[in-house]
Undergrad: 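Here it is: the structure, laid out below.
Note that this is a predicted model, so its numbers are computed, not measured. Any value given below was found using the heavy atoms of this structure, including those in side chains, with hydrogens, waters and symmetry copies removed.
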Amino acid sequence: MTIWVDADACPTVIKDILYRAAERTKTALVLVANQSLRTPPSPWIRSVQVQAGFDVADNEIVRLSEAGDLVITSDIPLAAEVIAKGATALSPRGELLTKENVGARLNVRDFMDTMRASGVQSGGPPPLNARDRMQFANQLDRYLAQQKAQKR
């Protein structure tokens, strides 16, 4: 299993949680971004820089991810694509996206997109808070523990 990170939009505090989890569980962690990223020295952590452009990093994650992988992203269309390949997606706020719930999230996202295109001001998501970080860390730990148990 590999953890793929849509790193251009991933908050630093979430990356830090991921670095510690990758080291602790000896799980491959790959950050994909259209800019150079500094990562801690580790045999488990690496970054991939892609060219700048709309959805270039997303497309690379879709191309490289496999069934059983975990993708960290707040991008619902990206989550839907990797889930269709058999991967699981986890948002930086700790929401686990699966084939059972990603369709509904995609519908809400598309509806909000339509509303914004028609001029409705919806604002963005609130800033990441301590509860979000805790929910992310807990969900990540649960997922990694389940994966480890399935290997046995």
Side-chain angles (χ1 to χ4, degrees), residues 1-25 27-35 37 39-40 44-50 53-117 120-150:
M1 181 193 79
T2 300
I3 301 172
W4 299 93
V5 182
D6 183 6
D8 287 320
C10 188
T12 301
V13 67
I14 298 301
K15 290 177 197 167
D16 291 340
I17 292 168
L18 289 163
Y19 297 149
R20 289 191 301 273
E23 281 296 316
R24 185 180 71 249
T25 62
T27 302
L29 173 67
V30 183
L31 293 91
V32 181
N34 60 23
Q35 59 190 330
L37 296 174
T39 59
W44 307 106
I45 302 168
R46 67 183 178 96
S47 65
V48 173
Q49 184 176 354
V50 296
F54 185 71
D55 284 344
V56 176
D58 295 357
N59 293 338
E60 186 71 356
I61 292 170
V62 171
R63 185 179 76 78
L64 295 172
S65 65
E66 299 176 353
D69 287 350
L70 178 64
V71 176
I72 310 301
T73 185
S74 56
D75 185 313
I76 303 302
L78 170 58
E81 285 190 69
V82 298
I83 288 168
K85 288 183 71 174
T88 301
L90 178 62
S91 80
R93 295 183 184 276
E95 182 182 8
L96 194 63
L97 298 166
T98 63
K99 57 184 168 190
E100 289 76 28
N101 67 6
V102 74
R105 288 297 314 274
L106 198 52
N107 287 338
V108 169
R109 181 242 181 230
D110 291 345
F111 173 74
M112 294 306 290
D113 238 13
T114 302
M115 295 295 287
R116 282 189 293 274
V120 174
Q121 297 290 330
S122 63
L128 206 64
N129 60 39
R131 184 175 180 272
D132 296 327
R133 292 189 299 271
M134 180 68 75
Q135 186 170 331
F136 176 82
N138 289 340
Q139 193 68 263
L140 178 64
D141 285 345
R142 272 193 296 276
Y143 184 85
L144 292 173
Q146 287 173 346
Q147 294 303 307
K148 185 176 180 180
Q150 287 177 0

Undergrad: For the residue pair Ile14 and Pro92, what are the closest heavy atoms and their distance?
TA: CD1-O, 3.4 Å
Undergrad: Determine all donor-acceptor pairs shorter than 3.5 Å in which one atom belongs to a side chain in residues 66-74; sequence neighbours excluded.
TA:
{"unit_1": "Asp69", "atom_1": "OD1", "unit_2": "Thr2", "atom_2": "N", "d": "3.0"}
{"unit_1": "Asp69", "atom_1": "OD2", "unit_2": "Trp4", "atom_2": "NE1", "d": "2.9"}
{"unit_1": "Asp69", "atom_1": "OD2", "unit_2": "Glu66", "atom_2": "N", "d": "2.8"}
{"unit_1": "Thr73", "atom_1": "OG1", "unit_2": "Asp6", "atom_2": "OD2", "d": "3.0"}
{"unit_1": "Thr73", "atom_1": "OG1", "unit_2": "Asp75", "atom_2": "N", "d": "2.9"}

Undergrad: Counting distance only, does the side-chain N/O of Lys85 pair as donor-acceptor with the main-chain N or O of Ser65 below 3.5 Å?
TA: yes
Undergrad: Would you call Val56 and Asn34 a side-chain contact if the rule is heavy atoms closer than 4.5 Å?
TA: no
Undergrad: Heavy atoms, side chains only, cut-off 4.5 Å: are Val5 and Val32 in contact?
TA: no
Undergrad: Kindly indicate whether the side chain of Thr88, heavy atoms from C-beta on, has any atom under 4.5 Å from the side chain of Leu97.
TA: no
Undergrad: Considering non-hydrogen atoms only, spot the tightest contact between Leu128 and Pro11 and give its length.
TA: CD2-CG, 3.7 Å
Undergrad: Report the distance from atom CZ of Arg142 to atom CG of Leu96, rounding to the nearest 0.5 Å.
TA: 8.5 Å
Undergrad: How far apart are the closest heavy atoms of Ala22 and Leu29, and which atoms are they?
TA: CB-CB, 3.8 Å
Undergrad: If every non-hydrogen atom of Thr27 is compared with every non-hydrogen atom of Thr25, which pair is closest and at what distance?
TA: OG1-OG1, 2.7 Å
Undergrad: Counting only pairs under 3.5 Å, give me each side-chain donor-acceptor contact of residues 132-141, with atom names and distances, residues two or more places apart or in other chains.
TA:
{"unit_1": "Asp132", "atom_1": "OD2", "unit_2": "Arg93", "atom_2": "NH1", "d": "2.7"}
{"unit_1": "Asp132", "atom_1": "OD2", "unit_2": "Asn129", "atom_2": "N", "d": "3.1"}
{"unit_1": "Asn138", "atom_1": "ND2", "unit_2": "Met134", "atom_2": "O", "d": "3.3"}
{"unit_1": "Asp141", "atom_1": "OD1", "unit_2": "Arg24", "atom_2": "NH2", "d": "2.6"}

Undergrad: Does the side-chain contact (heavy atoms from CB on, under 4.5 Å) test come out yes or no for Val30 and Val48, once each step is laid out?
TA: CA-CA 7 Å; Val30 183; Val48 173; 3.7 Å; yes
Undergrad: So which atom in Asp8 and which in Ala33 form the shortest heavy-atom distance, rounded to 0.1 Å?
TA: OD1-CB, 3.1 Å
Undergrad: Evaluate Thr39 against Leu31 for side-chain contact (heavy atoms from CB on, under 4.5 Å), listing each step before the verdict.
TA: CA-CA 9 Å; Thr39 59; Leu31 293 91; 4.0 Å; yes
Undergrad: To the closest 0.5 Å, what do you measure between CG (Leu18) and SG (Cys10)?
TA: 6.0 Å
Undergrad: Got a salt bridge between Arg20 and Glu23, using NZ or NE/NH1/NH2 to carboxylate O under 4.0 Å?
TA: no
